[in-house]
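The next block holds one structure in the form of structure tokens; read it before the comments.
Naming: A, B, ... by sequence-line order, numbering from 1 per chain.
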Protein chains: 2
Amino acid sequence: MLNPVRLIEAKRDGRTLEPSELRALFEGYLSGSVEEYQMAAFLMAVQFRGMTADELAEFVRLMLHSGAVLDLASVGAVRIDKHSTGGVGDKVSLPLAVLVAEAGVPVPMMSGRGLGHTGGTLDKLESIPGFRTDLSLDEFRAVLGRVGTAMIGQTEEIAPLDRRLYALRSVTGTVPSIPLIAASIMSKKLAEDLTGLVLDVKVGSGAFMEDEDRALELSRTMVRIGGDHGVPTVALLTAMDRTLGGSAGNALEVAEAIACLQGSGPTDLRDVVVALAGEMVVLGGVAADVEEGRRWAAETLASGSALERFRTLIEAQGGDPGVIDDPGRLPTAPVVEDVRALEGGTLRRIEPRRIGEVVVELGGGRFRLGAEIHPGVGVDRIAPPGQAIDTGDRIARVHARSHVEARTAVEAIRAAVEMETGEPVRPLLSHRVTEGGVQTLQR
Amino acid sequence: MLNPVRLIEAKRDGRTLEPSELRALFEGYLSGSVEEYQMAAFLMAVQFRGMTADELAEFVRLMLHSGAVLDLASVGAVRIDKHSTGGVGDKVSLPLAVLVAEAGVPVPMMSGRGLGHTGGTLDKLESIPGFRTDLSLDEFRAVLGRVGTAMIGQTEEIAPLDRRLYALRSVTGTVPSIPLIAASIMSKKLAEDLTGLVLDVKVGSGAFMEDEDRALELSRTMVRIGGDHGVPTVALLTAMDRTLGGSAGNALEVAEAIACLQGSGPTDLRDVVVALAGEMVVLGGVAADVEEGRRWAAETLASGSALERFRTLIEAQGGDPGVIDDPGRLPTAPVVEDVRALEGGTLRRIEPRRIGEVVVELGGGRFRLGAEIHPGVGVDRIAPPGQAIDTGDRIARVHARSHVEARTAVEAIRAAVEMETGEPVRPLLSHRVTEGGVQTLQR
């Protein structure tokens, strides 16, 4: 017979829980014999005490098997996905999925919605008129088979325990725990029947992890979980101390993704896409090593050939493929206003969390799940770190529903400008974490 | 507008909460806008992070003023109570209250029920046939005026916030936090309109605090809270690494209390009663110093004069005063069985938590609030530490409802016997804590 209080006390006091104890606790939670307030206390104790590797392994198993595990064997011998821990302007999934599919590696992609200051892939895709992210699993398999990639939301059947815990964590101050984050991400990804996974772990003020050491620990933890489940996993730490690319906001980011697939667009976005694609094609068995994979990815992106696959994907998922040739068909905002520099010098960065918050305040994101969003609003033409500017130069551009909102956004962005003081921004790609260890990429 | 998640996060991250923030959090909890699971997470964060002195002061104020504060000025210029943190065989309140009343110091005593392995004063009193602990406040005042003491349970009106938090803590593993314990005890005691308070802080395996340093910290914390509220408070640390006195179980303890008031009974019980009474008569202004107070208490106890006041109290609260002259009128259990030593030597102790658990298992206590109890069962003739015993000597006696239960109890007590190994038991009275500091009494 389960006494949940004893298990909470054990975690509180730093004792290790047996697999059978964790099983009893979480099965009791799902069946209702363990109360929400008891799970809240347990999660806070985990926040302070962490989990041992064995506890975490069992926890991931329980999350994974609380729901359905897909069978995508019919799609092909390899299935590779990417997961990002979330950041501002992170439109990487859109060009990346079709690029890797272009190499013949199936990419079954299940994404999330934006919450708080970070955007979500589903919201970006849905800014394309008609685009459906709520495909049935049969439709998902069909699109994946035909296009080589398909992009939907996590279905209800996947990891219901994670869904309940995630909702509880967000209202009990128990979000930033490495084992809880790692288990949440990996249980959902492992349910996708992947043969390989690449993680884009964002570091900086625009990400959930500002601290590099914690981001590395999270990366190592997730890579180990993947390996334990027979899914080779690679994590790249990428910079989120400034917005990725030049835009943040749903339709604005789709336009930038299209530019990237045309072989143009911001170089930082391109570099991250190439780095992640390089890993994915190696995991997918079509490149011998990461160097070859990256070279292939860079060349393919430059050729613009993957753009046609994006057109096919949009069409397959019910969207208007005309946006490829005419991004003007994407939703727009009625008011567009420039943000101009108040002083000259070298720009260090425009602080990305503030940009993300501005997008939400403009109506392009949500502070609570389920809220409606306005796809056309946001910020683009965001000046990159290191840019030399004169007073009065444009450093960003606001797309708003009204002049009042535009004005507020302009002021907020101005307040987020940091001029060069000698303290550098982060290297775009700083670390690569595999089961073999941590590799420093740039310093 | 309150965001409880921000306050939980602040405590989690070790930031200090402003009085207004604590007020918003706990008022939100009482009004229902802060959920039980959010409070559970907050309490667990307090468990790890503690509270600053300022936070604790505000927390106590919020608990105290969440309910009614008594007005007992009509009873007399002084009102002194005692609170014990709870232990096995702790029948101190019964002789103590009438002894101090004998000195002309009013003792308005509000007590609790037994929960877990420790007994409760209300349950002990109610083993006296007819004794009512549910007096109205008017009846309480009347008995207090006539007898000099009265003994009831905490009324519903007192500290409702504490009642809700206490219930939540007991099911979320957040009981053993010093600020939470201190605030719970002191808010209830401060609501009694006292002019002085003595705390009996139990230390050892039979108490909630096994660790002397933590017991001292709890004592200092409570003494400071009392002082801050204008209620001079003294704490004595007393030994709970063995049962206090020779009995545990409701009616058995009443019989021992009567013996104590007759000037006989176990010396350890008498010594604790005398020490606490000595402090109380000083706080009550009828003794110049503790030495004089203790001397008076010891002499009065030896004279047996306080026994008559106990008789009057029992009568005033509806009980059968005949139990004073004939303890055989107290409830009894049908099966009485000796526990005999399996080996000879010097007894170190019989581990008290096990004794407390045996009493509950025999039906004399409860593991959940509201459960019915059997007043006649328990353990008595418990051999004290240091007793020389031969194989086959009686070391305790079990009072049970059946032979099967008696047998189980006998085995459990035998398993709790520890023979002398050189490691001494605790000194009965180890420390005295006042606002002036900590005084070591015996080592």
Is B:Gln38 close to A:Val171 at the side-chain level, that is, under 4.5 Å between some pair of heavy atoms?
-> yes

Can you find a pair of side-chain heavy atoms, one from B:Glu36 and one from A:Glu36, that are under 4.5 Å apart?
-> no

Any idea which of [options] has the most non-hydrogen atom pairs under 4.5 angstrom with chain B?
options	result
A:Thr172, A:Thr174, A:Asp13, A:Ile8	A:Thr172
A:Ala41, A:Ala40, A:Pro176	A:Ala41
A:Arg49, A:Met39, A:Lys11, A:Glu9	A:Arg49

Counting distance only, does the side-chain N/O of A:Arg12 pair as donor-acceptor with the main-chain N or O of B:Met44 below 3.5 Å?
-> no

Quick one: what part of A:Leu168 sits under 4.5 Å from any heavy atom of chain B, side chain, backbone, both or neither?
-> side chain

Toward chain A, the part of B:Gln47 with a non-hydrogen atom under 4.5 Å | side chain

